[in-house]
Amino acid sequence: MVRSASRYSTIAIVLHWLIAAAIVFQVLIAWRMHDLKTPLGFALTQLHKSVGITVLLLSLARLAWRLANPPPPEPAGLAVWERTLAKAVHVLLYAIMIGMPITGWIMVSASRIQIPTLLYGVIPWPHLPIADLPAAAKAPWRSFGHESHEWLSYGAYALVALHVAGALKHQLFDRNMPVLARMAPGAKPRAWFDPRLLAIGLGAVGVIAAGELIKPPLPAAAPLAPASATADDDHDEHEDHDAPAAPTAPAPTPAAPAAATAAAPVASPARPTGPSHWAVARGSSVGFATSWSGQAIQGRFDKWTADILFSPDALDKSKVSVSIDLASANTGDAQRDQSLPASDWFDAANHPKATFVAERFEPAGEGRFIAHGRLTLRGVTKPVDLPFRLKIDADKARMSGVTSLDRTAFGVGQGDWQATDQIPGKVQVSVQITATRR
Ligand code: HEM
Ligand code: HEM
């Protein structure tokens, strides 16, 4: 007869519903990911990865539990084809529950652009070792991960539909076939309005609504104070107030500050004949500003050095060279910042430093100059002009300059990122230096 008492253990039941809810949510999130290049697409993908890895861990736990705790005997009266089909569907569902996350994990590990996985923005989750393979060896893994993730998702839709149809058939139409009760203890077969069945339906509506509506936190937009608050300001008074703008921005400490000089044009009676060296002081910064889908992004480089030999009276002998450690790019979002040095962006593994060397300076009005230099970035060298303002007070100098670059001319942003619809080609670079005469 019917063994109405037979049901899965509480742990098996809790894990079943948790995993089912997570998978439904996961698929809805995946359908909304569309364009991974947008901030929302990026944030949804981070959430998708987090929920997917959670499903993997829960499914492995459930499988282990099942092996240690065999399920209750099947209800009597099931036709052989029903038994066989149900078994096959269950085995294949396990393959989905474990295979989907693993193929997703393969896909992101073999991705050209290495975006780290931080589960729920907090717990670091490693890439598979394929992440360290050379680009050519990674490509087949990437397409395998991608294709199998997609095909498994079609399998998942079909299997879950069959599985739910089976559960509902026994629950709604069969006489004395307490199948749902095995996973939802107490459910009465043939009761269309059984409270457990209603709860499952309501739960499904809730999970679908959450999957459709959830707005995961977008990557940090403008975490840093403006890198150059007054660079374009015309009032010298204001320029002195650069400092108040700076305190909110953590002051980068150039790794090996270098020197430069400028003879104080008015104050110093004894002018040195040549340019002198200046040492970069704390509070100096090299920053950049761009946007992502219209959202402003401010960044800075935490490690750079500058070698400054400069005097307004000896422009022809002045020389400035700045060396920037590209791996130190900081936009205030850990995941984005870890992908910036990757080959699609700065390619810091092959070109760790960007250098700006200026040997020609042009006066451009009171306290203003233009440095005509060459910027080498990602192995490409192009002329770049940096207009800047300079104020020298005895042995202290303060300069600020802003210029704009076309990132695509240097190959910053490869593949899909070459397009300038989400991230514009023009990037503003700002430099603020406080220096003391050596
Ligand atoms: C993504 C969604 C789902 C997945 C991945 C899933 C997966 C599974 C798996 C793997 C089993 C076999 C458990 C075992 O023997 O270890 C199972 C059993 C079961 N599931 Fe689901 N399930 C899902 C959704 C649902 C839904 C929505 C219902 C009900 C409407 C349901 C009802 C049941 C029932 C009644 C059993 C026990 C069947 C039996 O003992 O013969 N499942 N499920
Ligand atoms: C139960 C777990 C998972 C399910 C059910 C699932 C489901 C899906 C679905 C339905 C898609 C859209 C497929 C398409 O139409 O192309 C998708 C895409 C994606 N999934 Fe998953 N996923 C899971 C786990 C994971 C995990 C763990 C990761 C990474 C760690 C991941 C990474 C991705 C990525 C990056 C895409 C976008 C692929 C692209 O179009 O470029 N997924 N997933």
Side-chain angles (χ1 to χ4, degrees), residues 6-9 12-13 15-36 41-42 44-59 62-63 65-67 69-75 78 82-83 85-87 89-111 115 117 119 125 127-128 142 145-157 159-172 177-185 187 196-197 199-201 203-204 207 416:
S6 72
R7 63 169 183 91
Y8 282 87
S9 65
I13 292 174
L15 285 171
H16 172 270
W17 293 115
L18 270 181
I19 294 169
I23 289 183
V24 171
F25 178 80
Q26 180 71 338
V27 168
L28 288 154
I29 293 286
W31 289 346
R32 286 173 61 203
M33 291 183 331
H34 308 301
D35 190 350
L36 308 195
F42 183 87
L44 287 170
T45 310
Q46 298 306 328
L47 181 60
H48 182 82
K49 293 195 290 181
S50 305
V51 175
I53 295 297
T54 308
V55 168
L56 174 64
L57 299 177
L58 292 178
S59 300
R62 193 180 192 292
L63 189 58
W65 179 263
R66 185 197 207 280
L67 294 176
N69 304 271
E74 287 142 356
L78 277 180
E82 285 178 318
R83 250 173 241 270
L85 184 62
K87 257 209 180 107
V89 168
H90 290 171
V91 170
L92 291 172
L93 280 173
Y94 273 110
I96 297 285
M97 287 148 55
I98 294 167
M100 285 287 326
I102 288 186
T103 51
W105 193 8
I106 290 176
M107 186 176 12
V108 300
S109 301
S111 165
I115 298 178
T117 302
L119 302 183
W125 183 260
H127 284 321
L128 289 163
R142 188 166 58 245
H146 197 275
E147 302 261 304
S148 44
H149 202 67
E150 195 173 338
W151 282 104
L152 281 179
S153 72
Y154 301 143
Y157 305 150
L159 287 167
V160 170
L162 260 177
H163 180 67
V164 174
L168 290 181
K169 169 187 178 280
H170 296 309
Q171 172 64 21
L172 301 177
M177 196 57 72
V179 170
L180 188 63
R182 291 154 63 83
M183 213 37 108
R196 278 130 197 112
L197 190 58
I200 294 168
V207 170
D416 286 351

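Just follow the structure's listing: the first ligand is 1, and inside any ligand the first atom is 1. Basis for what follows: all heavy atoms, side chains included, without hydrogens, waters or symmetry-related copies.
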Output the list of atoms in ligand 2 that are nearer than 4.0 Å to some heavy atom of [X], sorted by atom number.
X      : answer
Lys49  : 29 (C), 30 (C)
Ile53  : 27 (C)
Ser153 : 10 (C)
Met33  : 18 (C), 19 (C), 36 (C), 37 (C)
Tyr157 : 10 (C)
Val55  : 1 (C)

Around [atom], find the nearest protein heavy atom and jot down its residue, atom name and distance.
atom                    : answer
atom 35 (C) of ligand 1 : Val179 O, 3.5 Å
atom 12 (C) of ligand 2 : Ala30 CB, 3.9 Å
atom 15 (O) of ligand 1 : Tyr8 OH, 2.7 Å
atom 4 (C) of ligand 2  : Gln26 CG, 3.4 Å
atom 14 (C) of ligand 2 : Glu150 CG, 4.0 Å
atom 40 (O) of ligand 2 : His146 NE2, 3.5 Å
atom 3 (C) of ligand 1  : Ala20 CB, 3.7 Å
atom 10 (C) of ligand 1 : Tyr94 CE1, 3.7 Å
atom 39 (C) of ligand 1 : Arg182 NE, 3.5 Å
atom 1 (C) of ligand 1  : Val160 CG2, 3.6 Å
atom 7 (C) of ligand 1  : Leu93 CD1, 3.5 Å
atom 27 (C) of ligand 1 : Val164 CG2, 3.6 Å

Give the name of the N/O/S atom in His163 that lies closest to atom 21 (Fe) of ligand 1.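 Atom name returned: NE2.
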
Name whichever N, O or S atom of His16 ends up nearest to atom 21 (Fe) of ligand 1.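 This turns out to be NE2.
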
Option whose closest heavy atom lies nearest to [atom], chosen from [options]:
atom                    : options                        : result
atom 13 (C) of ligand 1 : Met100, Glu74, Arg62           : Arg62
atom 28 (C) of ligand 2 : Gly104, Ala156, Ser59, Ser50   : Gly104
atom 38 (C) of ligand 1 : His90, His170, Arg196          : His90
atom 34 (C) of ligand 2 : Met107, His149, Arg142, His127 : Met107

Does the side chain of Pro75 come within less than 4.5 Å of Arg182's, by heavy atoms?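 A side-chain contact exists here, since the closest heavy-atom pair is under 4.5 Å.
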
Do Lys49 and Trp105 have side chains that get closer than 4.5 Å, going by heavy atoms? no

Do any nitrogen or oxygen atoms of Tyr154 come within less than 3.5 Å of a nitrogen or oxygen of ligand 2? no

Let's go through Trp125 and Ser50 carefully: what are the C-alpha distance in whole Å and the side-chain angles of both, what is the deciding distance for side-chain hydrogen bond (donor to acceptor under 3.5 Å, both in side chains) to 0.1 Å, and is it a yes or a no? CA-CA 9 Å; Trp125 183 260; Ser50 305; over 6 Å; no

Heavy-atom distances under 4.0 Å are what count here, so tell me which part of Trp17 touches ligand 1: side chain, backbone, both or neither.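 Side chain only.
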
Rounded to the nearest 0.5 Å, what separates atom [atom1] in [X] from atom [atom2] in [Y]?
X      : Y     : atom1 : atom2 : result
Leu162 : Leu93 : CG    : CG    : 9.0 Å
Ile23  : Ser59 : CD1   : OG    : 6.0 Å
Ile29  : Thr45 : CD1   : OG1   : 9.5 Å

Would you say that more than 12 heavy atoms from the other residues, nucleotides or ligands in this model lie under 6.0 Å from the NZ of Lys169, or not? yes

Closest His48 atom to atom 21 (Fe) of ligand 2 [N, O or S only]: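 Among the N, O or S atoms of His48, the one closest to atom 21 (Fe) of ligand 2 is NE2.
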
Lys/Arg cation over aromatic Phe25: Arg32, 6.0 Å, 45° cone: no

Taking non-hydrogen atoms only, is Met97 closer than 4.0 angstrom to ligand 2 via side chain, backbone, both or neither?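 It is neither; nothing of Met97 touches ligand 2.
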
Identify the heavy atoms of Arg62 and Tyr8 that sit nearest to each other, and give their distance. NH2-CD2, 4.0 Å

Name the orientation class of the two ring planes belonging to His90 and His163 (parallel below 30°, tilted from 30 to 60°, perpendicular beyond 60°).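 Rings of His90 and His163: perpendicular, as their planes differ by over 60°.
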
Need the ligand 1 atom indices (1-based, order shown) with element for anything under 4.0 Å from a heavy-atom of Arg66. 14 (C), 15 (O), 16 (O)

